[in-house]
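Here's the structure we're looking at; comments come further down.
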Amino acid sequence: MSSDDGDMENQAELEEKTRLINQVLELQHTLEDLSARVDAVKEENLKLKSENQVLGQYIENLMSASSVFQTTDTKSKRK
């Protein structure tokens, strides 16, 4: 084996290592982006749950204040 063959192998190994390092870095960035997105979605979910609770309470209050949604006792009306 000549020194040129050794140099070529070293060069190929170096290129492969560089490619793998770049791939790892890219995957790390992707993971960071996904993690940030998950956090944002969780935050939005909590906000929407809170808004839904407020709206649900508001609707319940409107329904209890409206005679349309009140239960009626039909026996007492017939008398």
side-chain contact (heavy atoms from CB on, under 4.5 Å) assessment of Q57 paired with E60: CA-CA 5 Å; Q57 187 63 46; E60 283 182 30; 4.3 Å; yes
Flag, side chain of N22 to backbone of T18, donor-acceptor distance under 3.5 Å: yes
For Q28, side chain to side chain contact (heavy atoms under 4.5 Å, CB included) partners two or more places apart: V24, L25
More than 12 heavy atoms of other groups within 6.0 Å of E51 CD: yes
Nearest-0.5 Å distance that lies between atom CG in N10 and atom NZ in K17: 8.5 Å
Approximate separation, where rounding is to 0.5 Å, of D7 CG and L14 CG: 11.5 Å
Any donor-acceptor N/O pair, S50 side chain to L46 backbone, under 3.5 Å: no
Euclidean distance, E16 CD relative to Q23 CD, rounded to 0.5 Å: 9.0 Å
Expected output: side-chain S64 to main-chain N61 donor-acceptor under 3.5 Å: yes
From NZ (K47) to CG (N52), nearest 0.5 Å: 12.0 Å
Euclidean distance, T30 OG1 relative to L34 CG, rounded to 0.5 Å: 6.5 Å
CZ-CD distance between R37 and E44, expressed to the nearest 0.5 angstrom: 9.0 Å
